[in-house]
There are 2 protein chains.
Amino acid sequence: MEPEHIDVTAETGLPRGPGTHQDCRGVASVLSRVGDKWSVLVIMLLRDGPRRFNELKRMINGISQRMLTLTLRGLERDGLVTRTVFPTIPPRVDYELTDLGRGLAVPVMALGEWAFAHLPEIEGARNDFDARNGEG
Amino acid sequence: MEPEHIDVTAETGLPRGPGTHQDCRGVASVLSRVGDKWSVLVIMLLRDGPRRFNELKRMINGISQRMLTLTLRGLERDGLVTRTVFPTIPPRVDYELTDLGRGLAVPVMALGEWAFAHLPEIEGARNDFDARNGEG
DNA sequence: CAGGATCCGAGGCGATACTG
DNA sequence: CAGTATCGCCTCGGATCCTG
């Protein structure tokens, strides 16, 4: 029996039987959301309640309006965030975490806390590595 | 009091006082590792014990040798993986998870399990979104 | 076997300008 | 206010060739 063979097949969603590695790609797509700096930031900010577009933009301070738009679209597409338009003048749009989004925030927070707790080790390791590599 | 202001300042590591948002960047750098498809895959594969370079390459099946090299270098740099060279002919290099790496695997697994459990919801949301957007 | 060097195309992302 | 559209850089990543 060969070791588990991970097949990251492209978008060609082939029939591969049940319990297959198709799931891998799906899981990976969620992980990549977490890897996306802006997405996690937005999710964390929305944990306190709904926010407006420019409100988020100001809070993050460094994101372009383009990236904020794309980020929010992605989160909305994944069902993590709802987008509510108030047809007033000037227009107002509220973004709010869904239950799914709040659920995702839990393991993400756990991961973030681990990262925070081990930052010294990691940065130490980086320095050591760079030092070794830099002067050989 | 204004809402929490997240400043994702660039690499200009400024003095910002203690308990500052500098940590944000550090945490983000760890999260981005998780977002990196290959890194997570490699970590998961290494949980069963050390592996050789081409062994990993075959198991992953789809990664270029270049990306595997870069991925392993990154993991090594962060102190998540050790690289052991056996000066034989032909050469042999073993990669193994460190305790730090095994520690990271825990919250990552939790995240992965959440993702797996909620894949149907997420993919359903995506389909709905795409349908709404596609035919307006 | 393990990986360095190089080339090159696709896409991520910021900056800017325009709209309802 | 909350976007869309466009441009242009610039990194990421695959493919290929070469080495100890």
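Residue numbers start from 1 in every chain, and the chains themselves are labelled A, B, ... in the order their sequence lines are given, proteins ahead of strands. Worth saying up front: this structure is predicted, and the values here are computed from it rather than measured.
Between the CG atom of B:D94 and the C1' atom of C:dA2 there is a distance of 12 Å, given to the nearest Å. Rounded to an integer number of Å, the gap from A:I63 CD1 to D:dG3 P is 13 Å. For the pair A:F53 CZ and D:dT4 C1', the interatomic distance rounds to 11 Å; values are reported in whole Å. Separating the CD atom of A:E55 from the C1' atom of D:dC1 is a distance of 12 Å, rounded to the nearest angstrom. In this structure, B:I89 places its CD1 atom 13 Å from C1' of D:dT19, rounding to the nearest Å. At whole-Å resolution of the value, CG in A:N61 and C1' in C:dG14 are 15 Å apart. In this structure, the CG atom of A:D36 is 14 Å from the C1' atom of C:dG11, given to the nearest Å. As a whole-Å value, the separation of B:K57 NZ from D:dG13 C1' is 14 Å.
Contact of the A:D99 side chain with the A:R102 side chain is registered, since non-hydrogen atoms from C-beta on lie closer than 4.5 Å. A:L111 is not listed as a side-chain neighbour of B:V27, based on a closest heavy-atom distance of 4.5 Å or more. Contact annotation: the side chain of B:F53 approaches that of B:L72 to within less than 4.5 Å [non-hydrogen atoms, C-beta and beyond]. A:E55 has its side chain out of reach of A:L45: every pair of non-hydrogen atoms, C-beta onward, lies at least 4.5 Å apart. In this structure, B:L75 and B:R33 have side chains that are in contact, with non-hydrogen atoms separated by less than 4.5 Å.
Of the listed nucleotides (D:dG14, D:dA2, C:dG3), D:dA2 has the atom at the smallest distance from the side chain of A:R83.
Phosphate contact (OP1/OP2 of C:dG3, side-chain N/O of B:Y95, threshold under 4.0 Å): present. Contact between the side-chain N/O atoms of A:R52 and the OP1/OP2 oxygens of D:dA2 is found at a separation under 4.0 Å.
For the pair A:T98 (side chain) and A:L80 (backbone), a donor-acceptor distance under 3.5 Å is present.
No more than 12 heavy atoms of other residues, nucleotides or ligands sit less than 6.0 Å from atom CZ of A:F116.
Within residues 65-82 of chain A, the residues having any heavy atom under 4.0 Å from DNA chain D are, by residue number, A:Q65, A:R66, A:T69, A:R73.
Nucleic acid contact for B:F86: none, since no nucleic acid atom lies under 4.0 Å from a heavy atom of the residue.
Taking both residues in full, the closest heavy atoms of B:D78 and B:L100 are given as O-CD2, 3.7 Å, listed atom of the first, atom of the second, then distance.
Across its full length, the helix from C:dC1-D:dG20 to C:dG20-D:dC1 shows an angle of 40° between the axes of its 5 terminal pairs at either end, rounded to 10 degrees.
Once rounded to the nearest 0.5 Å, the distance linking CG of B:D128 with CD of B:E123 reads 12.0 Å.
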